[in-house]
Amino acid sequence: MCGISGIFSKQALPAQHILSSLSVTKHRGPDDTYLAALNEGKTGFFSCHLSSDDMKRAFEGPGDCRAAGWIGYNRLSIIDTSANGAKPLYDEAQDCLFLMNGEVYNYKQLAGMFLAGEKRLSGTDTEVAFRLYLKLGDDFVHHLRGMFTIVAIHPRRHTIKVWRDRFGIKPFYYTITQNHFIFSSEINGIFSTGLTDIAFDKERLAHQLYFTGSLSPSTIYKDTRSLEPGHCLEVDTRSFTCKTGYYWQLAYQPAPDTISTEEFLNDIRELAALNLEGVSETGKALMLSGGLDSGLLAVFLKPAGGMEACTLYSDSGRHKHELAYTRLNAQHAGMPLREIRMPAEMSLEMLDDFCLAEEEPNISPEPAYFLSSQMKNRVRILYNALGPDELFYGYGHHVKAKKLKYAVSLLRCIPGKLFPWHKREKLADLKKYGLPVFPFISRSVAGWTEIKDLFREENTHAWQHPLETVWQQAKNNFPDLEKCDVLKQMSCLDIYYYISSYHTFRSDRPAMLHHIEMRFPYLDHLFIQKYFNVTGLDKGLAYGNEKPFFRKHIKHVVDPAILTMKKTGFEMNDSWLRSFNPGTLKEGLSGLIPAEAVDTFCISPERSWLLFSLARLSVKNNTR
């Protein structure tokens, strides 16, 4: 786990640009840092003020060195915590410098299959991936199970290749112009180089406000992109041209439900074991709720020594209600539980911390940030049970869609005026774009027209509807999409977009700010692909019986009371949404959104927090 940055330019640059990027992303790798200069086919390595003593003994500082190419690496040591694990991975004979942010869970298996007898410098999964790349070339990525962004640089060939994991768990941002290619694990890592302008793209910002997440390759900034999940990027560092393409796609090859409970539980057992491979006996915890997904994971993670559970609760409302079920999950698994109480109020300092933790606006404070702040210095890994809801139909919109799919034609005949005004545009969108995009419609806190009205001085009539954008993109990425039934289509969109652009996005940086790696055992591409193809997952689907296939196979494994618990999940106190000063909202949005538009838009706490978090982000950008 780490943070990576790179700068490639047509002109030689001093090291300060890459050092600035490494400094603002140092939280991603507190254990060590190195940088490298790439000039005329030659590669030189350096330490800096962020480096460990071992690294400083191995390499000198960059001094007044100038180079057309710079890369930087901040390391959070998870596997092989020795100094050997921090060494640069460079093969001069094959002209390759290799960086990875993330984890390859099956690295021991791959080492046995492909690297038996070969000498390695360390015991890291990164080195296994590196040597696999040297041996297999681009095909190496098909063997990896895990979460990763991988960068392979070939200085003499003037080529850079980047792979992002199949569900976009680990981020990769980049800016490419006629003169520069700049990349980083965080948007701040790009802006801090001082080589690119910070300016919102208002159409893409409007899309983000609709989805409450930027769907790759989009970001809310004009010159910054993110690599799509399951894609590879190739850059020519002479012409600064690039091309992208997918290396993995979710395929639909329907198979009847012939999976036994034993087979299903063995698959879960394998996922747990895979995520524990090479992990130390201490410094790991499971984010535990009172629900099915984390309750099942607790049972299979418990055999790992030193594993504890942690949860959030408040003194009132549904959070207090769920705590009793969380305790049942912990007791049933035999796992110690750390109960973290959410404060009733938020300080001004905490307000800013929450708003800036994710680099994008949100509709509420992110619980992963608060939980990670409380677990800092206790753990290095937090396990998260994300995935089964999207795969096995665990949301209310799945139930609604199943009921509506036989009446969608009738729905088109119902006049919108029969609905409350705030639901009419959502109904119109549902009629126009269909049930597959219903999850996006139901989650949006405002209609597209309302969001466009925020930008009153803009030529918004030419902006493409975000649902049209995502549907076109999805059909290109998944040729089998239109072969699927409605629930499978919804699942596919949620797995590819909502998981990467919302859930994992809102976990990665908030956790890394506290030197914690967030892992998602259920988000294994072989597991997802296998069960996505199972037909009949919706048999028995109803309110109170969401994820019927999942429930059927785990009912004898979790505490029986958990099966009847109403779904809630990790959320912050509702009172936190009302704890900011509305006056600072308009001040921060000055020049971006007119004050009168703000007044019209902010009719709910979620909408207000969405614009407040945008305002704080805007203020930060203006003071860089």
Side-chain angles (χ1 to χ4, degrees), residues 202-218 220 228-229 249-250 252 363 389-391 393-455 460-503 532 538 541 606-607 610:
K202 291 188 178 181
E203 182 176 2
R204 285 195 262 145
L205 176 58
H207 280 210
Q208 196 279 342
L209 297 179
Y210 183 89
F211 290 126
T212 59
S214 291
L215 309 187
S216 295
S218 176
I220 59 178
E228 289 183 69
Q249 292 176 303
L250 191 64
Y252 186 49
I363 58 173
D389 283 332
E390 290 75 12
L391 181 60
Y393 312 145
Y395 294 115
H397 56 245
H398 293 126
V399 182
K400 290 179 183 177
K402 184 176 182 180
K403 293 180 177 180
L404 285 172
K405 69 179 182 179
Y406 300 110
V408 69
S409 58
L410 179 62
L411 193 64
R412 292 192 177 97
C413 301
I414 300 176
K417 63 183 180 181
L418 297 179
F419 288 78
W421 69 269
H422 63 281
K423 291 186 177 181
R424 291 175 190 173
E425 188 171 6
K426 290 193 173 189
L427 176 63
D429 285 345
L430 186 60
K431 291 179 179 180
K432 182 175 181 179
Y433 296 104
L435 281 174
V437 295
F438 181 49
F440 296 111
I441 296 172
S442 62
R443 291 185 188 114
S444 180
V445 297
W448 179 230
T449 300
E450 291 179 283
I451 291 172
K452 287 195 296 182
D453 284 347
L454 284 170
F455 304 90
T460 59
H461 70 273
W463 291 359
Q464 187 176 45
H465 197 295
L467 293 176
E468 190 171 330
T469 300
V470 73
W471 188 244
Q472 289 177 355
Q473 184 178 333
K475 287 193 294 184
N476 290 334
N477 284 332
F478 303 103
D480 294 337
L481 184 65
E482 292 186 294
K483 300 176 185 176
C484 303
D485 64 28
V486 167
L487 288 176
K488 290 292 185 188
Q489 290 177 334
M490 292 170 65
S491 179
C492 178
L493 294 175
D494 264 354
I495 289 168
Y496 189 76
Y497 294 105
Y498 191 55
I499 281 178
S500 66
S501 299
Y502 187 86
H503 275 305
F532 180 76
D538 62 331
L541 178 64
E606 291 78 15
R607 290 189 182 197
L610 185 63

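Smallest separation of non-hydrogen atoms from S501 and S216: OG-N, 3.8 Å. Of all heavy-atom pairs spanning P217 and Q473, the tightest one is CD-NE2, 3.9 Å. Residues V445 and E606 come closest through the heavy atom pair CG1-CB, 4.0 Å. Contact detail for Q249 and N476: the closest heavy-atom pair is NE2-O, 4.1 Å. The two residues E203 and Q464 have their closest heavy-atom pair at OE2-N, 3.0 Å. Scanning all heavy atoms of the two residues, the minimum distance from H397 to S442 falls at ND1-OG, 3.9 Å.
K202 places no side-chain N or O within donor-acceptor distance of the main-chain N or O of F455, the cut-off being under 3.5 Å. Looking only at distances, a side-chain donor or acceptor of E425 sits under 3.5 Å from a matching main-chain atom of T449. In this structure, the side chain of Y252 does not engage the main chain of F478 through any donor-acceptor pair within 3.5 Å. With S444 contributing its side chain and A446 its backbone, the two residues share a donor-acceptor pair below 3.5 Å. Checking side-chain atoms of S491 against main-chain N and O of L487 turns up no donor-acceptor pair under 3.5 Å.
Note that NE2 of H398 is 8.5 Å distant from CG of L541, once rounded to the nearest 0.5 Å. In this structure, OG1 in T469 is found 8.5 Å from CG in L215, a value given to the nearest 0.5 Å. The CD atom of Q208 sits 6.5 Å away from atom CG of L610, with the distance rounded to the nearest 0.5 Å. Atom CG in L435 sits 12.0 Å away from atom NZ in K400 (nearest 0.5 Å). Atom CZ in R424 sits 14.5 Å away from atom CG in D429 (nearest 0.5 Å).
Considering only residues two or more places apart in sequence or on other chains, W471 meets the ring-ring contact (aromatic ring centres under 6.0 Å, His included) condition with none of them.
You'll find the side chain of C492 reaches within 4.5 Å of the side chain of L481, heavy atoms only. Counting heavy atoms from C-beta outward, F438 and V486 have side chains that stay 4.5 Å or more apart. Residues Y210 and E450 fail the side-chain proximity criterion, which asks for heavy atoms closer than 4.5 Å. Using a 4.5 Å cut-off on side-chain heavy atoms (C-beta onward), F532 and L391 make contact. The closest side-chain heavy-atom distance from M490 to F440 is not below 4.5 Å. Here the side chains of V470 and F211 are in contact, with some heavy-atom distance below 4.5 Å. L209 is listed as a side-chain neighbour of L454, based on a closest heavy-atom distance under 4.5 Å. Annotation: side chain of W448 is in contact with side chain of W463 (closest heavy-atom distance under 4.5 Å).
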Item to check | side chain to side chain contact (heavy atoms under 4.5 Å, CB included) assessment of K402 paired with Y393 | outcome: CA-CA 10 Å; K402 184 176 182 180; Y393 312 145; over 6 Å; no

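Residues R443 and D494 are paired through a salt bridge, judged by an N-O separation under 4.0 Å between the basic side chain and the carboxylate.
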